[in-house]
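The chains referred to below are lettered A, B, ... by the order of the sequence lines, with proteins before strands, and numbering in each begins at 1.
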Amino acid sequence: AQPRGPVVLAAASMQESLNKAADAWAARGHVRPVLSFAASSALARQIVNGAPADLFISADEEWMDYVATAPGRPGGWLRAGTRATLVTNRLALIAPAGSKVTMTIRPGFPLAAGLGADGRLALGQPGAVPAGKYAQEALTRLRVWPSVAGRVAGAESVRAALALVARGEAPLGIVYATDARVEPKVRIIALFPAGSHKPITYPVAALSGAGAGAQAEGFRRFLLSRDGRAIFAGYGFGTK
Amino acid sequence: MMLDADGWAIVALSLKVSAVAVLGVAPLAFGVAWVLARGRFAGRVVLDALVHLPLVLPPVVVGWLLLLAFGAQGAVGRWLAGMGITVMFRWTGAALASAVMAFPLMVRAMRLSIEAVDIRLEDAARTLGAHRWRVFATITLPLAMPGVLAGLVLGFARSLGEFGATITFVSNIPGETQTLPLAIYAAMQLPGGEAAVTRLAMVAVALSLIALAASEALARRMGGKGGL
Amino acid sequence: MMLDADGWAIVALSLKVSAVAVLGVAPLAFGVAWVLARGRFAGRVVLDALVHLPLVLPPVVVGWLLLLAFGAQGAVGRWLAGMGITVMFRWTGAALASAVMAFPLMVRAMRLSIEAVDIRLEDAARTLGAHRWRVFATITLPLAMPGVLAGLVLGFARSLGEFGATITFVSNIPGETQTLPLAIYAAMQLPGGEAAVTRLAMVAVALSLIALAASEALARRMGGKGGL
Amino acid sequence: MGFDIDVTLRRGEATIAAQFTSAGGLTALFGPSGAGKTSVLDMVAGLLRPDAGRIVVGGRVLFDSAAGVDVPVQARGCGYVFQDYRLFPHLNVRHNLLYGWQLAAPDQRWITLDEVCDLLGIGALLTRRVRHLSGGEKQRVAIGRALLSGARCLLLDEPLSSLDAARREEIMGLIERLRDELRLPILYVGHDRAEVDRLAGQVVTIRA
Amino acid sequence: MGFDIDVTLRRGEATIAAQFTSAGGLTALFGPSGAGKTSVLDMVAGLLRPDAGRIVVGGRVLFDSAAGVDVPVQARGCGYVFQDYRLFPHLNVRHNLLYGWQLAAPDQRWITLDEVCDLLGIGALLTRRVRHLSGGEKQRVAIGRALLSGARCLLLDEPLSSLDAARREEIMGLIERLRDELRLPILYVGHDRAEVDRLAGQVVTIRA
Ligand SMILES: Nc1ncnc2c1ncn2[C@@H]1O[C@H](COP(=O)(O)OP(=O)(O)OP(=O)(O)O)[C@@H](O)[C@H]1O
Ligand SMILES: Nc1ncnc2c1ncn2[C@@H]1O[C@H](COP(=O)(O)OP(=O)(O)OP(=O)(O)O)[C@@H](O)[C@H]1O
Ligand SMILES: [Mg+2]
Ligand SMILES: [Mg+2]
């Protein structure tokens with residue numbers, strides 16, 4: 001049988017870029033890691049229930065914290081000193097490609113007016129999907145949340161929110177900039193100011209107790225290396 | 001079971017969505033079941049496969065297809081909009097998604113019972129002067145009642161648990177489309193949300209227990225073993 | 001239908017997972033259906049509710065409960081690990097999740113047919129010298145065959161479409177737990193993935209069509225109307 | 001105003017053929033088991049379609065393959081007592097009896113529930129589920145149901161087979177009255193020669 | 001070595017009671033429709049549990065409420081021809097006939113499939129589905145199935161009701177041979193007095 005590479009559990013939104021990175025890593029003569037994409041919440045729970053995985057890439061810090069502090073294994077579920085920020089992202093206000101709406105994002109900006117009489121604002125579900133949490137935080141700080149709180153359509157994932165806008169079902173939406181830029185059927189109206197919400201970061205960490213430790217560590221270092229970051233940058237992620 | 005006012009509102013919405021979905025689609029399900037049980041036509045297997053579609057496809061795909069068809073830009077959606085009906089982001093859309101997902105289960109159960117109805121009894125009713133529709137209403141339907149009940153129960157349970165198609169189709173809008181499973185999903189997405197998940201899941205279990213007990217009682221009232 | 005080697009591998013895995021899930025759990029489903037149809041004991045409604053649980057709970061919750069039970073930290077998981085069996089991140093885990101999700105559908109269909117079996121025929125078999133188990137194998141089971149077949153078809157279709165419990169329980173590991181619905185989900189996460197989604201969904205539909213046609217043919221061979 | 005019947009039907013390897021004319025009254029079908037007696041009744045009732053032929057009952061053409069006539073079952077007005085009874089299992093005895101009665105036009109009815117209960121001795125069974133009736137009780141309910149439907153002709157398939165002699169005697173008296181007073185055309189299948197000779201104006205033998 | 005029976009059973013509002021002893025041969029149960037004849041056979045076969053009493057067949061105690069004896073149905077060895085036949089709808093005629101034969105110990109069998117087909121005239125039906133049999137054909141298959149099970153006693157519930165006179169005559173001859181040559185205890189329900197008088201050593205009347 002083929003040697004099996006390290007198992008990487010990653011947030012679904014990393015699918016394209018991480019696959020590219022894994023290909024690049026394999027092209028250097030390493031065993032290609034096994035990538036499993038799902039919601040960060042599902043992956044984190046799998047880890048703390050003893051699933052045999054080597055790396056975890058979360059879509060937000062909270063689920064990485066959850067794994068870091070979960071009981072059940074002496075010494076913790078994460079390998080000490082391996083947690084790092086892999087990439088960062090921005091929030092974008094989007095509209096269907098044909099939309100004429102223009103808006104500048106600043107405190108008190110007239111977001112609700114852009115929704116028309118009965119339009120909905122498509123978000124990842126606030127309180128559940130990370131992108132939605134950031135969006136709610138930003139709109140709250142900009143003092144426009146109360147005016148749109150009742151108009152939100154909370155999608156199951158940021159991709160689903162994107163689809164609602166792309167299909168024209170919602171006149172406006174807030175998604176990650178990385179998602180917005182690859183969907184031709186939507187137009188970015190504006191990016192949210194970086195200071196309007198907590199930094200959007202995707203942390204990576206090695207998991208304790210799995211077999212493929214050395215290989216996993218090699219892949220982790222590769223992801224964080226200049227070459228690795230260049231791949232993510234190619235997909236629009238920030239890589240400070 | 002301690003639920004706050006929001007919690008009870010979610011329960012009420014879930015019951016409304018499931019009840020409307022199941023009762024609304026039941027006649028169609030019975031009709032399709034009847035055609036599949038009795039019809040001998042080309043394309044029967046294709047109809048059968050179509051009926052099973054919502055079962056075979058992942059729910060999010062079903063939700064996505066509903067979005068394509070019933071969205072403001074979709075063919076059916078535009079037609080409905082012309083009549084002043086919108087389902088997007090409405091509880092009616094959630095009911096539609098639930099109905100579609102429950103449909104194959106209801107059809108199968110009903111079909112099984114229709115196939116078990118003794119056609120000789122229908123013949124007897126005809127010799128007594130009953131027209132096709134009366135035979136159907138007074139003989140076929142009552143004798144197929146166990147399957148109808150089972151279909152309603154299965155469909156109701158499936159609706160109570162429906163998540164993927166609903167959230168993809170009509171999103172998660174508190175008070176409008178946020179049914180119990182969507183609330184549970186939201187809680188699942190939060191670190192430390194397990195307690196809320198457990199509480200809401202227990203409510204779902206309690207609802208289904210009540211529905212089951214009611215259906216069993218109904219079946220018994222219809223005369224042991226549900227009328228058979 | 002054009003699929004690359006990876007695509008065919010996914011189809012093969014899906015078929016393996018669904019077949020193992022459905023055939024593996026069928027005897028248990030029939031047993032539970034029998035008990036529910038014939039048993040008169042306290043707690044019958046509770047057993048019934050338990051059976052319906054995977055239907056009523058959102059699939060991600062079922063996946064999470066499986067994780068709690070069968071994970072390395074779970075009671076069952078530790079016990080299995082003691083015997084050298086792990087299901088986490090294995091196709092066997094995917095089959096387990098599918099089986100659990102398909103279970104209520106299988107039980108209901110089988111139960112419906114068992115309830116329709118004429119007990120007087122079982123009595124006749126007993127007067128001819130048949131013991132309880134022989135009556136079961138030669139009378140009850142064959143006469144309940146329509147429900148067994150319907151249960152297998154429903155269960156198989158449900159397994160083919162199973163997504164939420166699987167990804168929550170055993171993740172989305174290519175070649176091991178990435179079944180058709182998970183591959184479809186993966187494609188849906190990609191910009192412009194609609195073409196791939198459509199292609200994979202059509203494969204799923206084709207598989208179910210084949211399964212349905214096979215079950216219909218089997219039912220016909222067992223003597224019109226599936227043996228009844 | 002009786003029967004004018006000429007039908008053929010292939011069943012499996014055998015061919016069932018019957019041809020007879022009766023002026024009225026009761027016509028008995030006689031013949032060995034499996035000869036096709038029930039099949040003939042089914043054809044008259046419209047439950048089985050002859051391959052070819054003609055069925056005229058009481059002057060009404062119910063079926064004529066040459067002319068393309070095929071009156072639907074529910075419009076034929078044949079009160080049929082089935083060999084296997086075919087009571088409705090989800091209805092109690094009363095509702096089985098009244099099933100056809102409620103569908104009949106009031107001026108078509110020629111017997112009441114009370115009379116039927118009285119004549120057949122089933123008054124005490126009215127609220128019973130049919131599943132729990134004895135064989136003879138089922139048979140009597142089946143007879144009552146057919147009579148109450150206001151039928152214009154009767155098809156009786158071994159209607160007395162499960163009854164004791166006293167009961168049998170009573171019901172034969174009833175059949176004679178229907179034959180003579182109401183002048184209903186009756187097709188009767190029975191195996192008892194004495195019984196048949198007493199009731200029938202004409203005996204038709206169906207050969208296997 | 002016949003029957004020694006004394007049972008009571010409440011059914012709905014009525015109470016069914018039967019008490020009789022026979023030295024052997026054929027015992028006929030006689031009585032009006034609904035009197036409880038089938039119920040008595042069911043109790044002897046073990047399908048119905050008497051409220052109290054004792055059932056002894058051929059010297060074997062099958063049931064005794066006082067002693068707590070209740071032999072299970074499949075061990076009683078009663079060949080039962082049901083009033084409603086109860087053929088297995090999923091099996092063809094051959095497999096219906098052989099169902100009990102295959103379960104019987106070889107030394108228990110006292111008749112072969114060929115003999116049964118011959119005696120009952122059902123040889124041509126062997127590959128047929130039972131659903132499509134005529135009433136009399138079903139009845140003969142039901143008789144054959146009971147005989148082939150190697151029964152040590154026979155319970156015949158109106159076994160000739162749907163048969164023509166010739167067939168009936170033949171089967172009565174067969175029953176007489178079983179009674180006299182094999183000395184099987186037989187409980188027989190029938191409504192024809194002449195038939196019963198010819199077959200029965202003893203007639204028991206069940207009163208409603
Ligand atoms: N659906 C069917 N397909 C093929 N053959 C059939 C079907 N139904 C009945 N038959 C056969 O047709 C023949 C005539 O049947 P029918 O029931 O008319 O006989 P019958 O004269 O009423 O006999 P009995 O006195 O035993 O009731 C029988 O040999 C029977 O097996
Ligand atoms: N399950 C039941 N519950 C209540 N009453 C029943 C049940 N089964 C039968 N009976 C009643 O018990 C009485 C005796 O029935 P049984 O079948 O033994 O009569 P029988 O003597 O065989 O009559 P027949 O000659 O009409 O077949 C009948 O009045 C019948 O309605
Ligand atoms: Mg007949
Ligand atoms: Mg009886």
Side-chain angles (χ1 to χ4, degrees), chain B residues 26-27 30 33-34 37-41 109-153 214-228, chain D residues 38 41-49 62 71-92 95-106 108-109 127-132 138 141-142 144-157:
Chain B
F30 195 86
W34 194 87
R38 294 286 176 85
R40 292 283 164 266
F41 54 93
M110 292 175 178
R111 176 178 162 189
L112 212 44
S113 274
I114 294 171
E115 283 174 345
V117 170
D118 190 344
I119 293 188
R120 292 173 311 161
L121 295 175
E122 299 182 357
D123 282 348
R126 286 161 72 210
T127 66
L128 293 166
H131 289 258
R132 172 184 278 271
W133 280 105
R134 185 171 283 268
V135 172
F136 179 85
T138 59
I139 307 294
T140 319
L141 185 59
L143 288 177
M145 219 10 106
V148 172
L149 272 181
L152 293 179
V153 168
S215 87
E216 297 279 341
L218 200 61
R220 230 187 321 273
R221 262 201 46 192
M222 289 189 178
K225 294 165 101 217
L228 263 192
Chain D
T38 299
L41 297 196
D42 280 350
M43 288 187 268
V44 174
L47 299 176
L48 206 57
R49 207 188 142 89
L62 299 182
V71 176
V73 180
Q74 66 271 16
R76 292 195 178 195
C78 295
Y80 194 164
V81 177
F82 296 93
Q83 195 172 6
D84 53 357
Y85 316 144
R86 307 199 190 176
L87 301 183
F88 303 127
H90 58 302
L91 303 178
N92 66 15
H95 288 115
N96 265 278
L97 289 170
L98 291 178
Y99 189 93
W101 191 82
Q102 286 164 331
L103 293 170
Q108 282 284 334
R109 299 171 185 156
T127 59
R128 295 270 294 276
R129 306 226 95 192
V130 296
R131 203 188 323 163
H132 295 148
K138 281 189 184 131
V141 174
R145 184 178 67 172
L147 300 183
L148 279 164
S149 71
R152 282 174 284 171
C153 92
L154 289 179
L155 308 173
L156 309 178
D157 201 348

Hey, can you tell me if D:Tyr99 and D:Phe88 have their rings parallel, tilted or perpendicular (30° and 60° cut-offs)? tilted

Tell me whether the count of non-hydrogen atoms from other residues, nucleotides or ligands lying under 6.0 Å of CZ in D:Arg109 goes above 12. yes

Under 4.5 Å from a heavy atom of chain B, the part of D:Leu155 involved: neither

Is it the backbone or the side chain of D:Asp42 that comes under 4.5 Å from a heavy atom of chain B, or both, or neither? neither

Check whether D:Arg76 gets within reach of chain B through its side chain, its backbone, both or neither, counting any heavy atom under 4.5 Å. neither

Hey, which of D:Leu148, D:Asp84, D:Leu91 has the most heavy atom pairs under 4.5 Å with chain B? D:Asp84

Would you check if the side chain of D:Arg129 reaches a backbone N or O of D:His90 as a donor-acceptor pair within less than 3.5 Å? yes

Could you check which of D:Gly100, D:Pro72, D:Gly79 has the highest count of heavy-atom pairs closer than 4.5 Å to chain B? D:Gly100

Reported OG1-to-CG distance for the pair B:Thr138 and B:Leu128, which is rounded to 0.5 angstrom: 9.5 Å

One should read off an interatomic distance between D:Arg145 CZ and D:Leu98 CG, to the nearest 0.5 angstrom, of 12.0 Å

